[in-house]
K.L.:
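So that we are looking at the same thing, I have put the structure below in structure tokens.
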Amino acid sequence: MALLHLLSLLLLLLCAEPALAGDPFAYFDWEVAYQSARPLGVAQKVIAINGQFPGPPLNVTTNWNVVVNVRNALDEPLLLTWHGLQHRKNSWQDGVTGTNCPIPAGWNWTYQFQVKDQVGSFFYSPSALPLHRAAGGYGGIVVNNRDVVPIPFPFPDGGDLTLFIGDWYLRSHKDLRRSLDAGTPLGAPDGVLINGLGPYRYNDSLVPPAIAYERINVEPGRTYRLRVHNVGVSTSLNFRIQGHSLLLVETEGSYTSQQNYSNMDIHVGQSYSFLVTMDQNASTDYYVVASARFVTDPGAVDKLTGVAILHYSNSQGPASGPLPAAPDDQYDTAFSINQARSIRWNVTASGARPNPQGSFHYGDITVTDVYLLQSQPPELIDGQLRSTINGISYIAPSTPLILAQLFNVPGVFKLDFPNHPMNRLPKVDTSVINGTYKGFMEIIFQNNATTVQSYHLDGYAFFVVGMDYGLWTDNSRGTYNKWDGVARSTIQVFPGAWTAVLVFLDNAGIWNLRVENLDSWYMGQELYISVVNPEEDHSDKTPLPLPDNTIFCGALSSLQKEQSHRFQYSGASQVGKTVSTAMISMTWLAATWLLYR
């Protein structure tokens with residue numbers, strides 16, 4: 001009888017879905033579809049996930065395995081990308097056109113990746129067509145610490161709150177795309193949303209009636225962690241809460257030196273988390289504001305103010321008085337650049353691992369490659385309005401770069417992206433940076449355009465070491481912060497200025513570097529970095545193999561089967577653990593011992 005019980009246990013272990021020991025699995029089942037909404041009081045289609053706009057949260061713990069089954073119920077191809085998640089050795093899951101064929105309309109596809117050695121605040125969004133995000137499809141990602149690694153601040157007794165702020169257009173994402181295709185800039189947005197909702201009617205003449213607004217319910221005396229993401233199209237926003245300080249503690253996976261701010265400029269694609277203590281008088285509610293910065297149209301400033309309500313459970317009345325003040329000069333970037341310089345890495349705090357963040361002494365590493373990446377205002381190339389980096393406007397090939405590399409498909413891309421601006425006419429091309437595995441790359445973003453730009457790098461966090469006005473020169477390195485520059489994945493570059501970052505290329509794969517401003521991204525302001533481990537066949541750093549559910553397109557379309565999916569399951573958001581090989585072995589040995597004793 002004991003033998004039967006042990007063999008039954010072994011069979012259950014072998015047949016179970018990933019469960020019991022090893023790194024846990026978290027399962028999510030999502031349907032991406034249009035639904036009608038009225039965020040600014042006018043009916044329009046938004047992109048929702050499981051009927052939610054913004055989409056559902058992805059809340060996991062570092063080192064967990066994440067499985068997300070995505071059903072595309074849109075009428076266009078779809079990809080989701082995971083801003084800030086590094087996908088160690090696994091650019092197959094990055095969800096951009098250089099790494100994945102888009103999920104066709106009506107298909108499902110399953111992402112599977114591990115949130116390896118990361119903690120912090122991130123978000124996901126659609127990416128097959130950059131302007132999809134102008135219709136929604138975004139949601140929050142929280143990667144929690146393991147219990148054995150403490151967070152460097154008291155645990156917020158009020159819990160977590162996530163806020164999505166972003167500019168918004170009444171025109172559909174398809175109309176925005178048609179405007180750019182016709183060579184017409186998008187113009188000023190129609191408003192600013194907070195968590196997918198329009199502004200509270202703080203001013204009867206500025207805000208139309210009957211607009212739903214976000215109300216954030218809190219308990220007096222408690223401290224909350226607010227994770228704030230700018231998921232908009234192109235507008236930098238200043239975030240603030242009436243009467244409350246924002247204690248900055250983390251940005252995009254790095255713990256920061258803890259400083260109080262009365263407001264914070266958050267640029268497109270950036271994420272921050274603050275501790276906010278509910279320590280004010282509860283006689284009234286309080287305004288939560290996200291207002292546009294550096295808007296060139298004076299008439300658009302007032303309408304580009306998103307307002308939510310912070311509601312204490314014992315509040316006695318509505319919010320009152322003027323909105324909390326924004327920085328004095330709407331157009332002056334000096335405040336913003338000085339604020340950005342003040343954000344520092346907490347070098348004594350432990351991140352996903354027990355060792356302090358500052359134990360990686362990036363300032364002592366010798367730079368192996370330098371890339372000066374210069375942007376210009378959009379210009380006509382072959383009759384189309386395009387955006388460029390170093391005079392090259394990226395065009396996505398029909399075959400993803402990583403598939404072309406694996407299958408040796410000729411003519412898809414060239415490893416010849418220039419490391420400095422070229423004195424030649426701009427062109428459209430698929431040119432890729434040939435990165436050096438475990439090289440230390442210095443990237444200088446030189447913004448010669450007229451608007452603030454945010455650059456994002458997939459697969460890595462880079463160290464922000466400097467930013468200043470004017471043209472970058474070799475002498476600019478004398479101003480670099482080589483000790484506690486914050487490590488993050490998205491950084492702003494002010495017009496007529498530069499920003500310098502350092503990145504250690506230890507994650508093999510093909511990785512996207514793009515501007516987060518959706519209009520410029522759509523018009524070609526992106527590139528890819530290829531990082532190949534020369535000892536791939538003999539190293540534990542070898543990239544993961546081609547997923548068995550890969551979608552094929554372009555030159556490899558003939559390899560595609562009717563449908564491609566890895567998992568079919570029910571019961572989304574369940575958490576289990578992988579089967580332990582050691583446990584199976586021990587059970588088998590015990591059964592064998594009982595059999596032959």
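Note that the structure is predicted; figures quoted are calculated from it, not measured.
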K.L.:
Return the orientation label for the F274 and Y272 ring planes: parallel under 30°, perpendicular over 60°, tilted otherwise.
P.N.:
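F274 and Y272: parallel rings.
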K.L.:
Could you tell me whether a side-chain N or O of Y169 sits under 3.5 Å from a main-chain N or O of G191, the two making a donor and an acceptor?
P.N.:
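No.
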K.L.:
Start with the C-alpha gap between R88 and D506, add the side-chain angles, then the distance that decides, and say whether salt bridge (charged side-chain N to carboxylate O under 4.0 Å, His left out) holds.
P.N.:
CA-CA 9 Å; R88 306 296 299 180; D506 64 339; 3.0 Å; yes
K.L.:
Could you tell me whether a side-chain N or O of Q446 sits under 3.5 Å from a main-chain N or O of G470, the two making a donor and an acceptor?
P.N.:
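Yes; judged by distance alone, with no hydrogens or angles, the pair exists.
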K.L.:
On a heavy-atom basis, which atom in P327 and which in N263 lie closest, and how many Å separate them?
P.N.:
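The answer is CG-OD1, 3.8 Å.
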K.L.:
Answer yes when D265 and R293 have at least one side-chain N-carboxylate O distance shorter than 4.0 Å, and no when they do not.
P.N.:
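So D265 pairs with R293 through a salt bridge.
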K.L.:
Side chain to side chain donor-acceptor pair (under 3.5 Å) with Q525: which of E516, Q453, Q376?
P.N.:
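Of the listed options, the one satisfying the test is Q453.
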K.L.:
List for me each residue that meets side-chain contact (heavy atoms from CB on, under 4.5 Å) alongside S489, sequence neighbours excluded, and say none if there are none.
P.N.:
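E252, H456.
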K.L.:
Is it the case that the side chain of N512 and the backbone of L527 share a donor-acceptor pair, with hydrogens and angles ignored and the cut-off at 3.5 Å?
P.N.:
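At least one qualifying donor-acceptor pair exists.
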K.L.:
Quick check for you: to the nearest 0.5 Å, what is the distance between Y138 atom OH and I47 atom CD1?
P.N.:
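Spacing of OH (Y138) from CD1 (I47) equals 10.5 Å.
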K.L.:
Under the side-chain hydrogen bond (donor to acceptor under 3.5 Å, both in side chains) rule, what pairs show up with a residue in residues 176-189, not counting sequence neighbours?
P.N.:
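Counting only pairs at least two positions apart or across chains, the side-chain hydrogen bond (donor to acceptor under 3.5 Å, both in side chains) contacts touching residues 176-189 are E76-R177, R171-S179, D175-R178, D181-Y522.
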K.L.:
By the salt bridge (Lys or Arg N to Asp or Glu O under 4.0 Å) test, which pairs, at least two apart or in different chains, include something from residues 517-531?
P.N.:
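Counting only pairs at least two positions apart or across chains, no salt bridge (Lys or Arg N to Asp or Glu O under 4.0 Å) contact touches residues 517-531.
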K.L.:
Apply side chain to side chain contact (heavy atoms under 4.5 Å, CB included) to residues D369 and N419 and explain how you reach the verdict.
P.N.:
CA-CA 9 Å; D369 300 282; N419 63 4; over 6 Å; no
K.L.:
Does T473 reach the main-chain N or O of N475 with its side chain, forming a donor-acceptor pair under 3.5 Å?
P.N.:
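Side chain of T473 to backbone of N475: a pair is present.
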K.L.:
Decide yes or no on ring-ring contact (aromatic ring centres under 6.0 Å, His included) for Y362 and F504, but give the supporting numbers first.
P.N.:
CA-CA 9 Å; Y362 70 87; F504 182 48; over 10 Å; no
K.L.:
Would you say the side-chain atoms of N100 pair up with the backbone N or O of P102, donor to acceptor, closer than 3.5 Å?
P.N.:
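Looks like no, no N/O pair under 3.5 Å.
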K.L.:
In this structure, is the centre-to-centre distance between the rings of H83 and F123 below 6.0 Å?
P.N.:
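Here the rings of H83 and F123 have centres that are less than 6.0 Å from each other.
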K.L.:
Thinking salt bridges, do D75 and K174 make one under a 4.0 Å N-O criterion?
P.N.:
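Salt bridge between D75 and K174, a charged N being under 4.0 Å from a carboxylate O: yes.
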K.L.:
Over all heavy atoms of both residues, which pair between I491 and V501 is shortest? Give the atoms and the distance, please.
P.N.:
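Closest approach of I491 to V501, heavy atoms only: CG2-CG1, 4.3 Å.
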K.L.:
Residues in ring pair (Phe, Tyr, Trp, His ring centres under 6.0 Å) with H267, at least two apart?
P.N.:
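In terms of ring pair (Phe, Tyr, Trp, His ring centres under 6.0 Å), with neighbours along the sequence ignored, H267 is linked to F494.
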K.L.:
Is it true that D167 and T235 share a donor-acceptor pair across their side chains at a distance under 3.5 Å?
P.N.:
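Their side chains do contain a donor-acceptor pair, which is all the 3.5 Å distance test asks for.
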K.L.:
If only atom types and distance count, is the side chain of Y528 paired as donor or acceptor with the main-chain N or O of G98 below 3.5 Å?
P.N.:
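At least one qualifying donor-acceptor pair exists.
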K.L.:
Looking at residues at least two apart in the chain, or sitting in another chain, which of them share a side-chain contact (heavy atoms from CB on, under 4.5 Å) with N355?
P.N.:
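With neighbours one apart ignored, the set is R353, S359.
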K.L.:
Name all pairs fulfilling the salt bridge (Lys or Arg N to Asp or Glu O under 4.0 Å) condition that reach into residues 375-394, sequence neighbours left out, sorted by first residue then second.
P.N.:
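Sorted result for residues 375-394: empty, none.
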K.L.:
Would you please test E250 and R227 for side chain to side chain contact (heavy atoms under 4.5 Å, CB included) and show each step?
P.N.:
CA-CA 9 Å; E250 178 257 335; R227 303 177 192 260; 4.2 Å; yes
K.L.:
Return yes if some donor-acceptor pair links the side-chain N/O of Q44 with the main-chain N/O of S172 below 3.5 Å, else return no.
P.N.:
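A pair under 3.5 Å: no.
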K.L.:
For H132, enumerate each residue passing the ring pair (Phe, Tyr, Trp, His ring centres under 6.0 Å) test, keeping only those at least two apart in sequence or located in another chain.
P.N.:
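By the ring pair (Phe, Tyr, Trp, His ring centres under 6.0 Å) rule, H132 matches H173.
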K.L.:
Is it the case that the ring center of F360 lies less than 6.0 angstrom away from the ring center of F463?
P.N.:
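Distance test on ring centres: under 6.0 Å, yes.
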K.L.:
Could you tell me whether a side-chain N or O of T479 sits under 3.5 Å from a main-chain N or O of S476, the two making a donor and an acceptor?
P.N.:
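A pair under 3.5 Å: yes.
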K.L.:
Verify, without hydrogens or angle tests, whether T368 (side chain) and F440 (backbone) share a donor-acceptor contact under 3.5 angstrom.
P.N.:
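Here the side-chain-to-backbone pair exists.
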K.L.:
Dump the intermediate steps for side chain to side chain donor-acceptor pair (under 3.5 Å) on T499 and Q492, then the final yes or no.
P.N.:
CA-CA 8 Å; T499 297; Q492 70 271 30; over 6 Å; no
K.L.:
For residues 465-486, which residue pairs qualify under salt bridge (Lys or Arg N to Asp or Glu O under 4.0 Å), counting only residues two or more places apart or in two chains?
P.N.:
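Every salt bridge (Lys or Arg N to Asp or Glu O under 4.0 Å) pair that includes a residue of residues 465-486, provided the two are not neighbours, is R341-D468, R344-D484, E442-R477, D474-R477.
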K.L.:
With side chain to side chain donor-acceptor pair (under 3.5 Å) as the criterion, how do N390 and Q374 come out once you've worked through the C-alpha distance, each side chain's angles and the decisive distance to 0.1 Å?
P.N.:
CA-CA 5 Å; N390 285 1; Q374 178 180 278; 5.8 Å; no
K.L.:
With distance as the sole test, does N72 use its side chain to make a donor-acceptor pair with the main-chain N or O of P104 at under 3.5 Å?
P.N.:
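Yes.
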K.L.:
Please name the residue in the list I392, L372, I389, I433 that meets the side-chain contact (heavy atoms from CB on, under 4.5 Å) test with P418.
P.N.:
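Between P418 and the candidates, side-chain contact (heavy atoms from CB on, under 4.5 Å) is satisfied uniquely by I392.
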K.L.:
Please assess S431 against D416 for the test side chain to side chain donor-acceptor pair (under 3.5 Å), listing each intermediate value before the final yes or no.
P.N.:
CA-CA 6 Å; S431 181; D416 65 351; 2.6 Å; yes
K.L.:
What residues, two or more places apart in sequence or in another chain, satisfy side-chain contact (heavy atoms from CB on, under 4.5 Å) together with K45?
P.N.:
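Result, side-chain contact (heavy atoms from CB on, under 4.5 Å) vs K45: Y34.
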K.L.:
Under the ring pair (Phe, Tyr, Trp, His ring centres under 6.0 Å) test, which residues partner Y455, sequence neighbours left out?
P.N.:
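Y455 satisfies ring pair (Phe, Tyr, Trp, His ring centres under 6.0 Å) with F445 once adjacent residues are dropped.
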K.L.:
Carefully, step by step, assess D429 and K414 under the rule salt bridge (charged side-chain N to carboxylate O under 4.0 Å, His left out).
P.N.:
CA-CA 9 Å; D429 204 354; K414 293 171 286 188; 3.0 Å; yes
K.L.:
Could you tell me which residues satisfy ring pair (Phe, Tyr, Trp, His ring centres under 6.0 Å) with W92, sequence neighbours excluded, listed by chain and number?
P.N.:
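None.
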K.L.:
Establish, yes or no, whether a centroid distance under 6.0 Å links the rings of F294 and Y331.
P.N.:
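No, ring centres 6.0 Å or more apart.
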K.L.:
So which pairs with a foot in residues 450-467 pass salt bridge (Lys or Arg N to Asp or Glu O under 4.0 Å), sequence neighbours left out?
P.N.:
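Pairs touching residues 450-467 that pass the test: D458-R514.
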K.L.:
Over 60° means perpendicular and under 30° means parallel, so tell me whether Y124 and W82 are parallel, tilted or perpendicular.
P.N.:
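Plane angle between 30° and 60°, so tilted.
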K.L.:
Evaluate Q270 against T251 for side chain to side chain donor-acceptor pair (under 3.5 Å), listing each step before the verdict.
P.N.:
CA-CA 8 Å; Q270 291 187 331; T251 179; over 6 Å; no
K.L.:
With a cut-off of 6.0 Å (strictly less than), are more than 12 heavy atoms of other residues, nucleotides or ligands near CG of N338?
P.N.:
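More than 12 heavy atoms, drawn from other residues, nucleotides or ligands, come within 6.0 Å of this atom.
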